[in-house]
Structure formats: structure tokens, C-alpha cells
Amino acid sequence: MTVYFIGAGPGAADLITVRGARTLARCRVCLYAGSLVPRELLADCPADARLIDTAQLNLDQIVEQLVRAHEAGEDVARLHSGDPSVFSAVAEQMRRLDAAGVPYEVVPGVPAFAAAAAALNRELTVPTVGQTVVLTRIAQQATPMPDGEDLATLGRSRALLVLHLGARYVDRIVDQLLPHYGPDCPAAVVAMASRPDELVLRGTLADIADQVKAAGVVRTAVILVGRSLGAEQFRDSHLYSTARTRPHGPCAAAASSGGAAPGGSRG
């Protein structure tokens, strides 16, 4: 039997992937993060599925449930908010399952930063303005950051920064980024992205901290800082440029769309 780590998406129940919903529907056991995963998703589980809220469980207890279900011959859905590849604490669960000889698969989900960009109606990578996105957080009461990944160092790149788990410490974030980005740099905070109570704050490094505090945002928020957020005058991308030489023949349609040509080869 298999453990499926499923990305539940950023909050809205209909942002789980089709594959995620189908996998959830056939698992007899579901472990979910009750404080983050929308309860509506649990309706996709089989009617007689065993549902386990992991909000109050530690790592040992969670893995025990996964191993027990596997030994009982049951597929297990392990629902995580967002996408399992980022800030999900999936790596340590996988390590334990490897040691126990329990097979698992990962079903990706919509990450919080993508939902935040959608709420802002912004592309985060804008031609000639910014082509790099850094996903990070700050160390406070959580796991320490590795050497060289502090905000003062990352800020030197002036890339668009997406910070998770930091709304409570927005003053500290702004202080560390101001020397690199400047007070006029666009900044935004999206709390509860994609949910009915979604809150979007737009401003600059000079005023975003005051906006966050005035709105009372302390958790479940993504902070974005970078010039791409306010870019209006920029060159059109090369992808659809009229000056671009486009292929002709049987591979043309596939090449222009990024897909594969008939037979599976690239055009």
C-alpha cells in the first residue's frame, strides 16, 4: 500500500488538483493538517474513511499512523496545505518512511505564492525587470536558517522575494531589506490567499509594515517584495514577439506551445 503526500492547495477547496482529488477519493485513511486544510476537501474522502487531524500530533505520532495504515493494507492520503515541495515538513516524514520501508508518492498542489500572485493579478517574472523569484522565510522561533540564507544576504540580489511565515515580524523584514531595495520598492502582503476571507495589502517598503499591523495580520500570509510587483513599462517577452523566427512544418504547433510533436519528440 502507498502513502500519498497530497498538496491541498492554498486554501480554496476547488484549487486542489484533479489528480489530488482523485487520489483522495480512493484512500481509506486521510491524515490532514486541521488548522490549514479546508474541511470541505474531506468530503472527497470515501464515506467510511478514517480521518485523522494532525494539528496536535508530533512527528512520531504522525509516522506511526502512516505505518500502521500501510501495514493494514490501506492507502493513505497525507494532506498538506499548499504544495509539498515548499515549507511542508514532508522531508522528515519521507525519511522515516524510507527507514520503515513504506512506499510513498507525491501529488503536487498549488503553492501559496502562486495564489498570492493571482490575487495581485501579477506575473512575478517580468521581462527586463525581474527574472528571479526567491522563496524564503526568516528564523525566529522556528528552525534556524542555514548560513548565507539570511535576508541581508538574499536581499543583495534584489530579486523578487516571497517570504512565508513572517507577517508577525514584518518590521524586522522591512529593516533588513530597505538597504537593498529602497523605501519606494513595491511590496505586498496576501493573507488567506484564495479563501473567502482573503486580504490583499499593496504598498512599498516604506508603508507595508504599518498596513500589516493596522490590518492585524499575523499568520497565514505571504509577503512579496520586488520591482516586478509595480512594473508597467517593460519590454514584451521574446516568446510572442513579432520579431521572433517561428518554426514551420509538423513541429511548429508543438514548438510554439512548448509541447511535444507527434511521436513524442520535441519540435
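Here the structure is a predicted model, which is why all the values come from computation and not from measurement. Residue numbers start at 1 and run along the sequence shown.
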Handout entry: Separation between CG of Leu177 and NE2 of His180, rounded to the nearest 0.5 Å
Key = 7.5 Å
Problem - Flag, side chain of Thr153 to backbone of Glu149, donor-acceptor distance under 3.5 Å - result: no
Problem - Expected output: side-chain Asp44 to main-chain Leu24 donor-acceptor under 3.5 Å - result: no
Practice task
Check whether any side-chain heavy atom of Leu160 lies under 4.5 Å from a side-chain heavy atom of Thr132, and answer yes or no.
Solution key: no
Pairs of donor and acceptor atoms involving the side chains of residues 103-118, under 3.5 Å and at least two apart or interchain, shall be tabulated with distances.
{"unit_1": "Tyr104", "atom_1": "OH", "unit_2": "Asp98", "atom_2": "OD1", "d": "3.0"}
{"unit_1": "Tyr104", "atom_1": "OH", "unit_2": "Asp98", "atom_2": "OD2", "d": "3.2"}

Exercise for the section: Step by step, work out the salt bridge (Lys or Arg N to Asp or Glu O under 4.0 Å) result for Arg96 and Glu92. Expected result: CA-CA 6 Å; Arg96 299 287 188 94; Glu92 62 243 41; over 6 Å; no
Practice task
Grab the two heavy atoms, one from Leu154 and one from Gly148, that are nearest each other, plus how far apart they are.
Solution key: CD2-O, 4.3 Å
Handout entry: Side chain proximity check, Val76 to Leu31, heavy atoms < 4.5 angstrom
Key = yes
Exercise for the section: Answer yes when Asp171 and Lys213 have at least one side-chain N-carboxylate O distance shorter than 4.0 Å, and no when they do not. Expected result: yes
Practice task
Might you point out which heavy atoms bring Val29 and Ala69 nearest each other, and give the distance in Å?
Solution key: CG2-CB, 4.0 Å
Practice task
Hey, could you give me the CG/CG distance between Asp207 and Leu201, rounded to the nearest 0.5 Å?
Solution key: 10.0 Å
Problem - Spacing of Asp75 atom CG and Cys30 atom SG [to the nearest 0.5 Å] - result: 12.5 Å
Problem - Side chains of Leu199 and Met192 in contact at under 4.5 Å (non-hydrogen atoms) - result: no
Practice task
Decide if atom CZ of Arg26 counts as having more than 12 heavy atoms of other residues, nucleotides or ligands within a radius under 6.0 Å.
Solution key: yes
Handout entry: Hydrophobic cluster membership, Ile62 vs Leu51, 4.5 Å side-chain cutoff
Key = no
Problem - Connected via hydrophobic side-chain network under 4.5 Å: Val102 and Tyr4 - result: no
Exercise for the section: Enter the distance from Cys45:SG to Tyr32:OH here, rounded to the nearest 0.5 Å. Expected result: 9.0 Å
Problem - Thr136 vs Met145 side-chain heavy atoms within contact, under 4.5 Å - result: yes
Problem - Flag for Gln65-His70: side-chain donor and acceptor within less than 3.5 Å - result: no
Fill in the blank from the handout: Rounded to the nearest 0.5 angstrom, the CG-OG1 distance for Leu79 and Thr23 is 10.0 Å
Exercise for the section: For side chain to side chain contact (heavy atoms under 4.5 Å, CB included), just list the numbers for Gln211 and Val189, CA-CA rounded to whole Å, side-chain angles, deciding distance to a tenth of an Å, and then say yes or no. Expected result: CA-CA 9 Å; Gln211 289 192 51; Val189 173; over 6 Å; no
Exercise for the section: Considering non-hydrogen atoms only, spot the tightest contact between Ala221 and Ala167 and give its length. Expected result: CB-CB, 4.0 Å
Problem - Arg168 atom CZ, neighbour heavy-atom count above 12 within 6.0 Å - result: no
Practice task
May I ask whether Val218 and Val190 are part of the same hydrophobic cluster, defined by side-chain heavy atoms of I, L, V, M, F, W, Y residues being less than 4.5 angstrom apart, directly or through others?
Solution key: no
Problem - Cluster link Val217 to Val170, ILVMFWY, side chain under 4.5 Å - result: yes
Exercise for the section: Write down the atom of Gly11, the atom of Pro38, and the distance for their closest heavy-atom approach. Expected result: O-CG, 3.1 Å
Practice task
May I have the step-by-step check of side chain to side chain contact (heavy atoms under 4.5 Å, CB included) for Glu123 and Thr125, ending in yes or no?
Solution key: CA-CA 6 Å; Glu123 180 180 356; Thr125 52; 3.3 Å; yes
Problem - Distance in Å, Gln131 CD paired with Leu124 CG, rounded so as to fall on 0.5 Å steps - result: 11.0 Å
Handout entry: side chain to side chain donor-acceptor pair (under 3.5 Å) contacts touching residues 181-198 (sequence neighbours left out)
Key = Asp184-Arg227
Exercise for the section: Please step through side chain to side chain contact (heavy atoms under 4.5 Å, CB included) for the pair Ile52 and Leu57, ending with a clear verdict. Expected result: CA-CA 10 Å; Ile52 302 168; Leu57 301 184; 4.0 Å; yes
Completion exercise
Test side-chain contact (heavy atoms from CB on, under 4.5 Å), reference Arg78, set Val90, Thr54, Leu97, output is Thr54
Practice task
State plainly whether one hydrophobic cluster holds both Leu229 and Leu205, where clusters connect Ile, Leu, Val, Met, Phe, Trp and Tyr through side-chain heavy atoms under 4.5 angstrom apart.
Solution key: no
Exercise for the section: Using a 4.5 Å cut-off on heavy atoms from C-beta on, say whether the side chain of Arg50 contacts that of Glu74. Expected result: yes
Practice task
Flag the pair Pro183 / Thr204 as yes when at least one side-chain heavy-atom distance between them is below 4.5 Å, and no otherwise.
Solution key: no
Problem - Student check: side-chain heavy atoms of Ile6 and Ile16 closer than 4.5 Å - result: yes
Exercise for the section: Answer yes or no: is there a side-chain heavy-atom contact under 4.5 Å between Ile173 and Leu151? Expected result: yes
Practice task
State whether Asp48 and Arg28 are salt-bridged, where the test is any N-O pair (Lys NZ or Arg NE/NH1/NH2 against Asp/Glu carboxylate O) under 4.0 Å.
Solution key: yes
Exercise for the section: Mark yes or no for whether Arg122, through its side chain, and Ala231, through its backbone, hold a donor-acceptor pair below 3.5 Å. Expected result: yes
Practice task
Please answer whether the main-chain N or O of Leu59 pairs with a side-chain N or O of Gln93 as donor and acceptor at a distance below 3.5 Å.
Solution key: no
